[in-house]
Amino acid sequence: MLLIECPWCGPRAETEFSYGGEAGIERPADPYALSDAEWADYLFFRSNPRGAHRELWNHAQGCRRWFGVERDTVSYRIEKSYRLGSAGSGRPAAAQIEASEEKRR
Amino acid sequence: MKRYSGLALLRNALDYNRNWPPAWRSPEPKKSYDAIIVGGGGHGLATAYYLAREHGFGNVAVLEKGWIGGGNTGRNTSIVRSNYLWTEASLLYEKSLKLWEGLSRELNYNVMFSQRGVYNLGHSLQDMRDIERRVNANRLNGIDAEVLGPAEIQKAIPCINTSPGARYPILGASLQRRGGVARHDAVAWGFARAADALGVDIIERCEVTSIEVRAGRAVGVATTRGAIAADRIGVVVAGNAGVLAGMAGLRLPIESHPLQAFVSEPIRPVLDTVVMSGAVHGYISQSDKGELVVGAGIDAYNGYGQRGSFPVIEHAMQAIIELFPAFSRVRMLRMWGGIVDICPDACPIVSKTPVEGLYFNCGWGTGGFKATPGSGWVFAHTLANDRPHDLNAPFSLDRFASGALIDEHGAAAVAH
């Protein structure tokens with residue numbers, strides 16, 4: 001079982017979290033400008049690396065907030081977890097989710 | 001190839017079984033081949049066999065980084081069925097099931113295919129509606145399928161709990177009588193031996209480290225045992241498909257996840273069929289040795305580590321105990337994980353790629369074992385003719401851009 005560090009609540013068991021897939025996938029600003037292949041790439045194609053992977057997790061049974069995790073997909077070792085939009089997340093999509101969460105609050 | 005037969009058994013018994021030849025050679029890789037298959041699992045070996053057998057390819061190699069059948073072929077729960085919802089998928093899996101039915105004879109190797117039936121349980125009104133829809137779709141496609149009620153299920157499977165007071169009561173099931181199980185290792189070994197007899201070089205401990213692409217055309221691979229040139233390269237590596245695609249500069253709509261299964265200590269015969277439940281998330285059969293073979297769902301996170309998390313095992317075990325309360329006292333013996341290549345529509349990709357001469361067969365996800373012979377058969381056709389067979393044409397890589405997805409999440413159930 002993974003021990004995941006929620007940036008707000010601290011280390012908790014994997015069963016408290018739900019997985020959100022690859023981080024940093026930005027929704028195209030103007031979907032109508034894309035070709036079918038580009039839209040397919042956004043919707044379905046993933047980097048699926050063997051090694052370091054940036055991914056989203058949600059602390060579903062805790063604070064219910066999304067955050068980012070950098071994890072190795074072979075050893076499953078978690079290198080770090082970070083608040084979205086914080087220094088170090090460095091991904092525009094992360095900032096977007098943060099912004100939309102902000103709006104909802 | 002020395003044919004296996006009752007007479008051969010007798011003759012070799014007289015020699016104290018000292019004179020059996022190896023089932024396949026272990027050749028050194030040649031400098032070039034007409035076709036290379038990357039991945040020595042069941043699908044890759046079947047591809048090589050049908051390339052040689054159906055399409056007359058005499059110069060074919062199968063490159064395997066570990067040993068034959070040591071990946072997902074040896075890590076599944078060996079269930080075979082063809083009761084999928086959509087016509088495209090059910091025809092593909094039905095082709096495979098038909099090949100299974102003649103496979104032991106075709107390969108002169110006992111793959112222990114046992115058509116003991118497969119039950120897919122329904123636990124809610126919506127489950128039953130979906131089951132009836134799928135059974136009707138199957139019958140329209142000429143695939144045997146029937147809907148059973150709780151009393152019939154209880155009669156066929158005495159140890160199952162169909163009581164209406166159960167937390168998730170069993171309201172009915174679909175049954176495919178021609179479905180069943182096969183011996184996973186035997187399928188790999190049988191295809192390897194038969195392919196080898198047709199001149200296919202099976203090269204183990206040979207990992208592909210890069211794919212050479214010149215002017216949009218794949219011309220060969222670099223391996224841990226030297227460079228090998230080839231006119232056609234077929235990649236059938238399941239969980240590692242994305243890694244191989246990356247070597248040719250391609251991206252795939254696939255993510256790799258751990259899928260776990262486990263077996264119990266051997267017990268006396270208690271379950272003579274296969275029971276699956278998508279709603280409570282578990283599936284079970286009993287092997288000829290007497291072990292209960294239980295499969296779980298995938299771990300949610302991406303992984304290549306050939307192991308998953310304990311809560312997933314616990315979840316599958318809860319489902320099995322819910323269905324079979326008596327099994328709560330059976331001890332589990334061992335567990336394992338395989339890495340499955342999950343596609344967004346739960347259907348495979350058996351396809352040409354934007355790189356000439358490079359073909360991918362992947363995305364079988366949690367249900368590849370049942371497709372072993374059919375997958376090899378259509379992939380061999382695709383490689384040999386440089387275009388897909390009618391059966392696998394809908395399973396192209398292009399479908400993600402065209403939108404012609406084949407959504408089999410329902411029939412794929414918990415894992416399939």
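Letters A, B, ... mirror the listed sequences (proteins, then strands); counts begin at 1.
B:A300 and A:Y19 get closest at one heavy-atom pair: O-CD2, 3.0 Å.
Top candidate by heavy-atom pairs under 4.5 Å with chain B, chosen from A:A37, A:P49, A:G21, A:S47, is A:P49. For the options A:L2, A:T15, A:L43, heavy-atom pairs under 4.5 Å to chain B are most numerous at A:L2. Listed options B:F310, B:Y304, B:F400 were ranked by heavy-atom pairs under 4.5 angstrom with chain A; first place goes to B:Y304. Looking only at heavy-atom pairs under 4.5 Å with chain A, the residue among B:V312, B:D299, B:L252 that has the most is B:L252.
Summarising the geometry, atom CZ belonging to A:F44 is positioned 12.0 Å from atom CG belonging to B:L397; distances are rounded to the nearest 0.5 Å. Taken from CE in A:M1 to CD in B:E314, the straight-line distance is 8.0 Å, to the nearest 0.5 Å.
The shortest distance between side-chain heavy atoms of B:I254 and A:N48 falls below 4.5 Å. Under the 4.5 Å side-chain criterion, counting only non-hydrogen atoms from C-beta, B:N302 is in contact with A:R71. B:Y301 places none of its side-chain heavy atoms less than 4.5 Å from the side chain of A:T73.
Cation-pi geometry between B:R307 and A:Y76 is satisfied (NZ or CZ under 6.0 Å from the ring centre, within 45° of the ring normal).
Within 6.0 Å of CZ on B:R205 lie no more than 12 heavy atoms contributed by other residues, nucleotides or ligands.
Only the side chain of B:N240 comes within contact range of chain A, judged by heavy atoms closer than 4.5 Å.
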